[in-house]
Amino acid sequence: MKLTFESDYNNGAHPALLRKLLETNEEKSETYGFDEWSLSAKDKIKKACEDDDAQVTFLVGGTQTNSTVLATMMQPYEGVVCAESGHIAVHEAGAVENTGHKVLTLPAHDGRLDSDELDDYLKAFKADSNADHCVWPGVVYITFPTEYGTLYTASQLSAIHAVCQRHGLPLYVDGARLGYGIMAPGNDISLPFLAHHCDAFYIGGTKMGALCGEAVVFTHANEPRHFFTMVKQHGALLAKGRLTGIQFDELFTDNLYFRIARHAIDMARRLKQILADSGFKFYLDSPTNQQFVIMPNDRIPALQKQVEFSVWGPMCDQESVCRFVTSWATTDDEMLQLEKILLDPQIRNYAPNMIQKRK
């Protein structure tokens, strides 16, 4: 089997989750997320967020979660503001637009929104005499970590949250890789801090050891009216809600969620060192489990014969940005295999030709 660093959701599930699903398989339960494990998981998540008023709902996947949650947070005439590199703007096949809400993009700075630019945009929109003829900004969306594995600092998140409050807009945080961001070196945002500086977010499970599932958290009782009904209307209500509930109940037992996230970050550190020692230059500095390197296009096929990774996009006519990803399931043996592959002269020969990080 080819060595793979292509994504962090190409494994099954963490063994502890599979064991729990098997152990409880013969038990009867309530449906639609009212089973004992889902209720237990919700309590554990609320406690972890230090928000007794939080309202938690389990959905199945990230795109489904983003499109469903955002649609329920907006009026028909509103759109969602995000960085031009944001997941909903680039890699979700227009799912948000398909609900009837436009995605309104602003410049991205290594994947991040800038609070001053956001403030200027919202001020300019409100001052425009033609505003009533336009799509109104209804929600602000960010990801943590960003699409490029970068992080917002606590002060940056606080500044964006303050802009949203000033303009009366809710802030929604896509946390598909939330655990990897929280456990990254240098991060100063905790789960309680996040919960107190946004109106809604989700805790990713699919990329964090679950077979499937995302935990949507509306902070401080912010859940839209009749959210359960709207989830069903969007085809997002899982009849066997125990499937996601059991998994999150296990993930939030004995700190498993953050322990396996730490493992992925430790593996990413090793990955980064192996790539650097092999002569690769990085597109940007990511402290999380996604690492982006620059490769000459004519050399990519040679490495792809032995290792799976993503070609993220063109750097220039001759080079591309490529992504390598670790996960909760990455092993020491995989790291050793990658190191051995990169010693191959056919692979190493191009490394010195890599250009420096873009200006």
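None of these values were measured; they are calculated from a predicted model. For reference, positions follow the sequence shown, starting with 1.
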Tell me whether Val69 shares a hydrophobic cluster with Val217, the cluster being built from Ile, Leu, Val, Met, Phe, Trp, Tyr side chains joined at under 4.5 Å.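 Val69 and Val217: separate clusters.
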Can Tyr172 be reached from Met74 by stepping across I, L, V, M, F, W or Y side chains whose heavy atoms are under 4.5 Å apart? yes
Regarding [X] and [Y], does a basic nitrogen lie under 4.0 Å from an acidic carboxylate oxygen?
X: Lys44; Y: Asp249; value: yes
X: Asp52; Y: Lys46; value: no
X: Asp35; Y: Lys28; value: no
X: Arg270; Y: Asp266; value: no

May I ask you to check whether Trp328 and Tyr180 place their ring centres under 6.0 Å from each other? no
Val173 and Tyr141, any side-chain heavy atoms less than 4.5 Å apart: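 Not touching, per the 4.5 Å side-chain cut-off.
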Minimum side-chain heavy-atom gap Lys272-Phe282 below 4.5 Å: yes
Spacing of Leu303 atom CG and Cys322 atom SG [to the nearest 0.5 Å]: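 Between Leu303 CG and Cys322 SG, I get 8.0 Å after rounding to 0.5 Å.
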Output for pair (Lys2 NZ, Gln306 CD), nearest 0.5 Å, gives 9.5 Å
Parallel, tilted or perpendicular, as decided by the 30° and 60° cut-offs, for the rings of [Y] and [X]:
X: Tyr148; Y: Trp312; answer: perpendicular
X: Phe125; Y: Tyr121; answer: tilted
X: Phe248; Y: Phe58; answer: parallel

Is it true that a side-chain atom of Asn187 and a backbone atom of Leu151 form a donor plus acceptor pair closer than 3.5 Å? no
Would you say the side-chain atoms of Thr68 pair up with the backbone N or O of Thr65, donor to acceptor, closer than 3.5 Å? no
For side chain to side chain donor-acceptor pair (under 3.5 Å), just list the numbers for Ser115 and Gln156, CA-CA rounded to whole Å, side-chain angles, deciding distance to a tenth of an Å, and then say yes or no. CA-CA 7 Å; Ser115 58; Gln156 288 171 333; over 6 Å; no
Show the nearest heavy-atom pair for residues Arg323 and Gln290, with the distance to one decimal. NH1-OE1, 2.8 Å
